[in-house]
Q: 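Here it is: the structure, laid out below.
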Amino acid sequence: MKVLVINAGSSSIKYYLYQMPQAEILARGVVERIGEETSKLSHLYDNKTYTIQTRLENVEKGMELILETLASKDVGVIQGISEIGAVGHRVVHGGEEFTGSVIIDEKVIASVKKFADLAPLHNPPNLAGIQAVQRKLSGTKQVACFDTAFHTTIPKVAYMYGLPYELYEKYGVRRYGFHGISHRYVARRAAAIMGRGKYDINAVTCHLGNGCSVTAVKHGRSVDTSMGFTPLEGVPMGTRCGDLDPAILFYLADKGYDVKSLKILCNKKSGLLGISGVSNDVRNLEELAKKGNTRAKLAIDIFCYRIKKYIGAYCAVLDKVDAVVFTGGIGENAVFLRQQICTGLTQIGIQVDRAANQAAIAKEAEINTKDSRVKVFVIPTNEQAAIANDTYELTREKQVVMSKQNHKHIAPLSKLANKPTH
Ligand code: ADP
């Protein structure tokens with residue numbers, strides 16, 4: 001069965017065509033700069049790259065081009081789009097409603113629309129991707145995999161804020177958490193590497209990319225996470241500020257900042273970029289810090305210090321910690337940052353081996369010392385594989401089970417269908 005995975009954002013769509021259940025990627029690519037004159041599709045197939053530049057007004061046009069390309073005579077990998085057995089979408093916000101991935105129907109679509117209020121930048125393009133597929137591939141099953149779903153196991157004590165309770169009841173003001181597909185994937189990989197079942201692990205997972213979040217995973221389930229009502233909370237990120245005294249915003253409002261400028265300030269001008277004044281990329285900051293740029297060094301120091309505090313806090317939340325996991329562009333590649341984050345954590349059982357850490361770039365590796373009570377892993381995230389897998393599990397229809405009695409009994413596997421996967 002061929003499964004198409006779609007991650008549609010406001011200006012880009014990433015796609016992967018998988019052959020399942022082997023999880024082999026037949027083709028993948030990205031459409032960028034949607035809405036601009038210079039929209040571009042880059043398509044990778046058979047170790048070759050094909051690019052085309054053409055104006056794409058919206059996500060729907062982008063999706064049309066992707067489907068055409070996948071089935072094109074010259075650079076395609078399928079005879080026709082009807083070969084696509086199912087489509088899995090990354091959807092950012094599923095509120096409290098979706099505890100796992102689900103087959104998309106009109107009710108799911110209505111909910112994704114409803115939660116656009118909570119994720120105005122993400123849910124609308126996610127929805128546009130779903131609707132474009134509905135139009136071009138009507139009848140093909142689609143699955144929504146939510147970034148928030150993994151975090152729906154967080155207990156109330158961890159998801160409520162110290163605000164009047166009625167704000168939760170009236171507006172849904174609570175911690176939702178994000179990056180759930182990634183945290184779930186790496187926690188399960190860590191369990192598998194340790195030879196355990198997926199619910200037999202306690203871990204602190206650190207997804208450090210452009211956006212960063214840290215999650216406490218207990219018995220394989222999220223019990224707390226650093227991102228909150230929005231992805232702005234938690235550790236400082238490339239351009240987001242992370243945790244803040246909210247009174248700073250009132251103070252700045254008194255100084256003349258309006259809501260719009262405060263949003264831009266906290267989301268686009270803060271974090272590593274805001275502190276350093278030069279870059280949101282840790283590679284640049286490391287170079288500059290080495291040359292004596294004190295603000296670049298300060299940005300790195302603050303970033304590492306705040307992640308370290310979250311690791312410490314989540315070790316307190318979990319009775320016992322089996323593993324700390326690093327993932328995301330920074331977590332997978334930034335050797336010096338991993339070292340700095342883990343320095344001084346010996347008393348909570350975390351010790352990184354310098355040489356093992358240095359060798360672990362963009363690959364799965366165990367980087368703790370032999371004496372470390374807690375395992376430390378680098379695990380490249382693979383959200384698309386997780387989405388392909390959920391989509392396959394929810395949409396495959398039948399499995400032939402040879403009955404001992406009559407050899408022709410067909411047992412439906414659809415018990416899985418319409419039930420969330422966890
Ligand atoms: P996104 O959250 O958009 O998926 P990524 O997970 O790809 O982003 O992370 C992007 C960040 O990862 C970059 O801003 C950079 O700071 C960091 N990064 C990427 N590659 C490297 C590398 N080779 N060494 C150090 N840091 C890296």
Side-chain angles (χ1 to χ4, degrees), residues 5-16 28-33 42 90 92 119 121-122 125-126 145 147 177-186 189 205-215 225-227 230-242 267-290 293 296-304 306-307 325-342 357-365 367 378-387:
V5 173
I6 296 294
N7 184 351
S10 56
S11 65
S12 73
I13 309 171
K14 290 186 190 130
Y15 65 93
Y16 306 82
R28 68 188 165 93
V30 61
V31 173
E32 293 167 289
R33 298 197 289 273
S42 312
R90 178 179 181 213
V92 166
L121 299 178
H122 295 102
N126 299 158
C145 302
D147 250 354
F178 300 90
H179 289 149
I181 301 166
S182 176
H183 287 292
R184 182 186 69 158
Y185 174 81
V186 298
R189 274 304 302 151
T205 52
C206 307
H207 179 107
L208 311 176
N210 274 320
C212 300
S213 64
V214 184
T215 295
T225 193
S226 59
M227 283 181 168
T230 73
L232 197 51
E233 194 182 346
V235 298
M237 313 176 202
T239 61
R240 297 188 192 127
C241 58
N267 281 293
K268 303 267 181 219
K269 296 187 174 176
S270 297
L272 294 170
L273 175 67
I275 300 163
S276 68
V278 284
S279 177
N280 63 340
D281 192 313
V282 296
R283 287 167 288 196
N284 299 338
L285 295 176
E286 185 189 9
E287 281 300 309
L288 290 165
K290 275 187 192 150
N293 184 318
K297 181 174 181 312
L298 180 65
I300 291 172
D301 288 348
I302 293 173
F303 184 72
C304 293
R306 298 266 291 269
I307 294 165
V325 184
F326 287 101
T327 193
I330 298 173
E332 291 162 27
N333 297 293
V335 169
F336 71 108
L337 281 184
R338 291 193 301 245
Q339 189 72 50
Q340 188 168 337
I341 291 165
C342 292
N357 182 37
Q358 251 153 24
I361 297 175
K363 60 177 184 190
E364 265 185 20
I367 60 166
V378 174
I379 301 180
T381 195
N382 199 341
E383 288 155 299
Q384 54 276 13
I387 295 171

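Here the structure is a predicted model, which means the values were calculated and not measured. Quick note: residue numbers are just sequence positions, from 1. Counting starts at 1 for both ligands and their atoms, following the listed order.
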Q: Using modelled atom types and a 3.5 Å cut-off, is there a donor and acceptor pairing between side-chain atoms of T327 and backbone atoms of C206?
A: no

Q: Using heavy atoms and a cut-off under 4.0 Å, could you grab the residues that are in contact with ligand 1, chain by chain, numbers ascending?
A: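 For ligand 1, the residues that come within the 4.0 Å heavy-atom cutoff are G209, N210, G211, D281, V282, R283, G328, G329, I330, N333, A334.
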
Q: Checking S213 now: which residues fulfil side-chain hydrogen bond (donor to acceptor under 3.5 Å, both in side chains) with it, not counting sequence neighbours?
A: H179, H183

Q: Check whether any side-chain heavy atom of H207 lies under 4.5 Å from a side-chain heavy atom of M227, and answer yes or no.
A: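 H207 does not reach M227 side chain to side chain.
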
Q: Name all residues meeting the ring pair (Phe, Tyr, Trp, His ring centres under 6.0 Å) criterion together with Y185; count only those two or more places apart in sequence or in a different chain, and write none if there are none.
A: none

Q: Between D301 and Q340, is there a side-chain donor-acceptor contact under 3.5 Å, judged purely by atom types and distance?
A: yes

Q: With sequence neighbours left out, write down each residue that passes salt bridge (charged side-chain N to carboxylate O under 4.0 Å, His left out) with K268, or none if nothing qualifies.
A: none

